[in-house]
Amino acid sequence: MKTKVTLRKKKIKNGKLSLYLDFYPEIPLHPSKYKKNKKGELVKTTRREFLKKYILENPKTILEKRNNKEVLLIAERIRDKRANELFKHEIYSIDEKEKLKAIEQGEQNFVAYFEKLMKKRTGSNLANWRSAYKYLYNFTNGELKFNNINKATLEDFKEFLLNVKSIKSDKVKLSRNSAVSYFNKVKASLKQAFQEDLLQIDINSKVKAIKTEETRREFLTEEELNKLIQTPCSNKLYKKVAIFSALTGLRFSDIQKLKWKEVEKVNEVGYFLNFTQKKTNGVEVLPIPEQAYKLMGDRKDLEAFVFEGLKYSAYNNRDLYDWIKEAGITKDITFHCFRHTYATLQLYKGTDLYTVSKLLGHKDLKTTQIYAKIVDKTKQEAVNKIKLNFNGYEF
């Protein structure tokens, strides 16, 4: 008697239906899947195979209905494959198995796969992935099958990112550097999908990344920093951490979470911060000058924050802008510019590029090279300041 294979649905929680195969008569199990029943008897056959695929019992939106249809299609193919295995006199060849596997994987949704990878991220990296996901979702309407991904699709997405309006404001385009970041995350996801055999071709390697656009990085001179120190600020804590950033190169996020247990003093050597960067999760041991240490104030409990009560807000930023303006500085300075200041002044005073890169916690030396260009420009401007009056004299 031939075994009949029927695709069935079982109602589970949250309005979902679990799909499974019903075999009649029952089929033998692989020895590795033998289980004992309540009587302690070894069960060597089964009537059911749950596919771990689910659909909604009452789909409402077009997307939900479409997803139901796609999942059912995959389940039906699995049913046909099982039936074929049972009906045929000879087992599937290796080529046949690979073809079926490729078909099933090709029907999966890359956008859903990207979302799954996104949910594994944390902190500011998660926020960046979420933004990338939003643009990918808008471009694809939430659906892009693996077997529909090709070079042309990715080039179209690249063009989309370079011209789309920002989600935050429809009055401006998405910045080029944001487009670079989001496109790189899609490329990284495609690379991982290829490594997991979800893609038959390494399409990531066939498409070039978007070139980064160099941005202007404002910084303060040593003279301007000294002006700020002498200028009163209504927000004393913000003033303190801004100068601390200029002396250490630390980002606001790392200063904000800095605890006393991460501050160390090594006799006859100096002061160090032993901490984990929030942005990169990289463990850093950063030497800091004594002036920076003094800005921290009196030492407290190990678990206490060094700069207790420090928060990032528009209100605090306004205090920062007013302070800079009061000092007579007309540059467009944000808090992050104090980190730029640290890097630029270090290079200007002769610290080599590799050392500055390590002090900033950069993983790639290319990230630090932008500061070297700033210093070269500053030096050029400096030499051109010398003007002599030849009074028509010819040499």
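Sequence positions, counted from 1, serve as the residue numbers for this chain.
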Examine distances only and state if a side-chain atom of [X] and a backbone atom of [Y] form a donor-acceptor pair shorter than 3.5 Å.
| X | Y | answer |
| --- | --- | --- |
| Lys11 | Glu57 | no |
| Asp352 | Thr355 | yes |
| Ser245 | Leu250 | yes |
| Lys259 | Leu302 | no |
| Thr341 | Cys337 | yes |
| Gln256 | Leu310 | yes |
| Arg299 | Val263 | yes |
| Glu70 | Asn67 | no |
| Lys187 | Asn204 | yes |
| Lys173 | Leu162 | yes |

Checklist entry - Can you list every ring-ring contact (aromatic ring centres under 6.0 Å, His included) pair that touches residues 56-85, not counting sequence neighbours? => result none

State whether the number of non-hydrogen atoms from other residues, nucleotides or ligands found under 6.0 Å of [X] atom [atom1] is greater than 12.
| X | atom1 | answer |
| --- | --- | --- |
| Glu326 | CD | no |
| Lys358 | NZ | no |
| Gln291 | CD | no |
| Ile62 | CD1 | no |
| Ile201 | CD1 | no |
| Phe50 | CZ | yes |
| Arg47 | CZ | yes |
| Glu222 | CD | no |

Return the minimal non-hydrogen interatomic distance between [X] and [Y], and the atom names on each side.
| X | Y | answer |
| --- | --- | --- |
| Asn163 | Glu159 | ND2-O, 2.8 Å |
| Phe275 | Leu286 | CE2-CB, 4.0 Å |
| Lys239 | Ile229 | NZ-O, 2.9 Å |
| Ala327 | Thr231 | CB-OG1, 3.5 Å |
| Ser131 | Tyr182 | CB-OH, 3.2 Å |
| Lys311 | Tyr238 | O-CE1, 3.5 Å |

Item to check | Pi-cation contact, Phe219 with Lys331 (under 6.0 Å, within 45°) | outcome: yes

Checklist entry - Step by step, would you call Asn226 with Gln230 a side chain to side chain contact (heavy atoms under 4.5 Å, CB included)? => result CA-CA 6 Å; Asn226 283 322; Gln230 300 304 320; 5.7 Å; no

Next on the checklist: Phe183 vs Val207, test: side chain to side chain contact (heavy atoms under 4.5 Å, CB included). Steps then yes/no.
Outcome noted: CA-CA 10 Å; Phe183 192 67; Val207 180; 3.8 Å; yes

Checklist entry - Would you say the side chains of Thr153 and Asn150 form a donor-acceptor pair under 3.5 Å? => result yes

Checklist entry - Can you find a side-chain donor-acceptor pair between Lys185 and Ser181 that sits under 3.5 Å? => result yes

Checklist entry - Which of these, Lys4, Arg48, Arg8, sits in a salt bridge (Lys or Arg N to Asp or Glu O under 4.0 Å) with Asp22? => result Arg8

Next on the checklist: Quick check on ring pair (Phe, Tyr, Trp, His ring centres under 6.0 Å): which of Phe244, Tyr271, Phe272 does Tyr293 satisfy it with?
Outcome noted: Tyr271

Look up atom [atom1] in [X] and atom [atom2] in [Y], then write down how far apart they are to the nearest 0.5 Å.
| X | Y | atom1 | atom2 | value |
| --- | --- | --- | --- | --- |
| Leu359 | Thr248 | CG | OG1 | 10.0 Å |
| Glu41 | Lys36 | CD | NZ | 11.0 Å |
| Trp323 | Asn235 | CH2 | CG | 10.0 Å |
| Leu161 | Tyr135 | CG | OH | 8.5 Å |
| Ile255 | Lys240 | CD1 | NZ | 12.0 Å |
| Leu19 | Lys53 | CG | NZ | 9.0 Å |

Honestly curious: do [X] and [Y] fall in one hydrophobic cluster under the side-chain, below-4.5 Å linking rule?
| X | Y | answer |
| --- | --- | --- |
| Val71 | Leu17 | yes |
| Leu51 | Ile74 | yes |
| Leu73 | Phe146 | no |
| Tyr20 | Tyr54 | no |

Checklist entry - Any salt bridge between Lys227 and Glu224, counting N to O under 4.0 Å? => result no

Checklist entry - Should the pair Tyr133 and Tyr137 be assigned to parallel (<30°), tilted (30 to 60°) or perpendicular (>60°) ring geometry? => result tilted

Checklist entry - Can you list the steps and then say if Glu76 with Arg79 is a salt bridge (charged side-chain N to carboxylate O under 4.0 Å, His left out)? => result CA-CA 5 Å; Glu76 287 167 358; Arg79 177 201 61 196; 5.2 Å; no

Cut-off 3.5 Å, no hydrogens considered: what does the side-chain donor-acceptor table look like for residues 110-117, sequence neighbours left out?
from: Tyr113; atom 1: OH; to: Ala193; atom 2: N; distance (Å): 3.4
from: Tyr113; atom 1: OH; to: Glu196; atom 2: OE1; distance (Å): 3.1

Item to check | Ile288 and Met296: CA distance, side-chain angles, deciding distance, side chain to side chain contact (heavy atoms under 4.5 Å, CB included) verdict | outcome: CA-CA 12 Å; Ile288 63 171; Met296 296 180 178; 3.6 Å; yes

Checklist entry - Between Tyr342 and Val356, is any pair of side-chain heavy atoms under 4.5 Å apart? => result no

Item to check | Beyond-backbone contact of Asn141 with Arg66, side-chain heavy atoms, under 4.5 angstrom | outcome: no

Checklist entry - Is the Phe335-Tyr312 ring centre distance short of 6.0 angstrom? => result no

Next on the checklist: Evaluate Leu225 against Leu345 for side chain to side chain contact (heavy atoms under 4.5 Å, CB included), listing each step before the verdict.
Outcome noted: CA-CA 11 Å; Leu225 278 176; Leu345 292 181; 3.9 Å; yes

